[in-house]
Amino acid sequence: MNKRPNVFDRLLAVVSEVPSGRVTTYGDVSAQVVGTTPRLVGFALAGLGEDTKVPWHRVVNAAGRISLPADTPARAEQVKRLRAEGVRFSADESIDLEAFGWF
DNA sequence: TCCATGACCGACT
DNA sequence: AAGTCGGCCATGG
């Protein structure tokens with residue numbers, strides 16, 4: 001009932017705006033939403049859940065690298081989905097934001 | 001109600 | 001060039 005959605009919902013809305021085959025960074029997402037910090041972006045996605053409809057896998061850190069720990073199944077899932085969308089990874093599993101960046 | 005932590009980023013040393 | 005520190009909002013005990 002709040003006319004103004006929380007930052008949480010706004011972040012999800014921005015992430016949902018990211019087209020397929022393209023990625024964005026936590027910092028960029030927070031930059032689109034006023035009053036939000038990169039930390040909240042990560043925390044927001046972390047609390048999403050498995051049945052979320054938000055393309056959280058299109059969000060990576062400023063280094064173009066996936067933030068999730070290596071022992072996290074979600075990380076492998078993210079890479080798998082990005083590859084399916086045509087996103088290419090460098091030798092160290094980093095993404096060229098200049099080429100696949102949303103902006 | 002208060003304290004501590006979190007999928008980060010930027011600037012400084 | 002690499003490592004360290006603080007800051008922001010939200011959630012949980």
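Just so we're on the same page: letters track the sequence lines, and every chain starts at 1.
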### 5' to 3' contact window, DNA chain C with chain A (heavy-atom distance under 4.0 Å)
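On DNA chain C, the outermost contacted nucleotides are C:dG7 to C:dT11.
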
#### Entry: Considering all heavy atoms, the nearest A:Leu97-A:Ala62 contact
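Here A:Leu97 and A:Ala62 meet closest at CD1-O, 3.4 Å.
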
### Query
What's the shortest heavy-atom distance between A:Ala63 and A:Ser94, and which atoms?
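Answer, listing the atom of A:Ala63 first, then A:Ser94: O-CB, 4.4 Å.
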
All N/O pairs under 3.5 Å across the protein-nucleotides 11-13 of chain B interface:
none

### Query
Is it true that A:Val60 and A:Phe103 fall in one hydrophobic cluster, defined by side-chain heavy atoms closer than 4.5 Å?
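Different clusters: A:Val60 never reaches A:Phe103 through Ile, Leu, Val, Met, Phe, Trp or Tyr contacts under 4.5 Å.
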
### Query
Does A:Tyr26 belong to the same Ile/Leu/Val/Met/Phe/Trp/Tyr cluster as A:Trp102, with side-chain heavy atoms less than 4.5 Å apart forming each link?
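Yes: a chain of side-chain contacts under 4.5 Å links A:Tyr26 to A:Trp102.
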
### salt bridge (Lys or Arg N to Asp or Glu O under 4.0 Å) involving A:Arg65 - partner list, sequence neighbours excluded
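Salt bridge (Lys or Arg N to Asp or Glu O under 4.0 Å) list for A:Arg65, sorted by chain: A:Glu93.
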
I'd like a table of donor-acceptor pairs (distance under 3.5 Å, sequence neighbours excluded) in which one partner is a side-chain atom from residues 13-24 of chain A, with atom names and distances.
residue: A:Ser16; atom: OG; partner: A:Leu12; partner atom: O; Å: 2.7

### Query
How long is the span from the CZ atom in A:Arg58 to the CD atom in A:Gln78, to the nearest 0.5 Å?
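Between A:Arg58 CZ and A:Gln78 CD, I get 11.0 Å after rounding to 0.5 Å.
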
### Query
At what distance, to the nearest 0.5 angstrom, does CG of A:Leu82 lie from NE2 of A:His57?
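NE2 of A:His57 is found 5.5 Å from CG of A:Leu82.
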
### Query
So, are A:Glu85 and A:Arg81 salt-bridged, with charged N and O less than 4.0 Å apart?
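A salt bridge is absent here (no side-chain N lies under 4.0 Å from a carboxylate O).
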
### Task
Could I get the full list of side chain to side chain donor-acceptor pair (under 3.5 Å) partners for A:Asp28, not counting sequence neighbours?
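Testing A:Asp28 for side chain to side chain donor-acceptor pair (under 3.5 Å), a comparison that skips the adjacent residues, returns A:Thr25.
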
### Query
With A:Asp71, which residues qualify under side-chain contact (heavy atoms from CB on, under 4.5 Å), at least two apart?
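Result, side-chain contact (heavy atoms from CB on, under 4.5 Å) vs A:Asp71: A:Pro69.
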
### Task
Can you sort out the partners of A:Ala74 under side-chain contact (heavy atoms from CB on, under 4.5 Å), two or more places apart, ordered by chain and number?
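With sequence neighbours excluded, A:Ala74 shows a side-chain contact (heavy atoms from CB on, under 4.5 Å) to A:Trp56, A:Leu68, A:Thr72, given in chain and number order.
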
Which side-chain N or O atoms in residues 33-49 of chain A pair as donor and acceptor under 3.5 Å with protein atoms at least two apart or in another chain?
residue: A:Thr36; atom: OG1; partner: A:Val33; partner atom: O; Å: 3.3

### Query
Touch check for A:Ala62, heavy atoms < 4.0 angstrom, all strands: base, sugar-phosphate only, or nothing?
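Answer is sugar-phosphate: A:Ala62 comes under 4.0 Å of backbone atoms only.
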
### Query
Which of residues 32-40 of chain A sit near DNA chain C, with a heavy atom under 4.0 Å from it?
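Only A:Gly35, A:Thr37, A:Arg39, A:Leu40 qualify.
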
### Task
Starting at atom CZ of A:Phe8, determine the distance to atom P of B:dA7, rounded to an integer number of angstrom.
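In whole Å, B:dA7 P and A:Phe8 CZ are 13 Å from each other.
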
### Query
In whole Å, what is the span from the CG atom of A:Leu97 to the C1' atom of B:dC9?
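Distance, rounded to whole Å: 14 Å.
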
### Interface with DNA chain B, restricted to residues 67-95 of chain A and to heavy atoms under 4.0 Å
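Residues of residues 67-95 of chain A under 4.0 Å from DNA chain B: A:Ser67, A:Leu68.
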
### Query
What residues in residues 11-30 of chain A put a non-hydrogen atom under 4.0 Å from any atom of DNA chain B?
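Within this stretch, A:Tyr26, A:Gly27 sit under 4.0 Å of the strand.
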
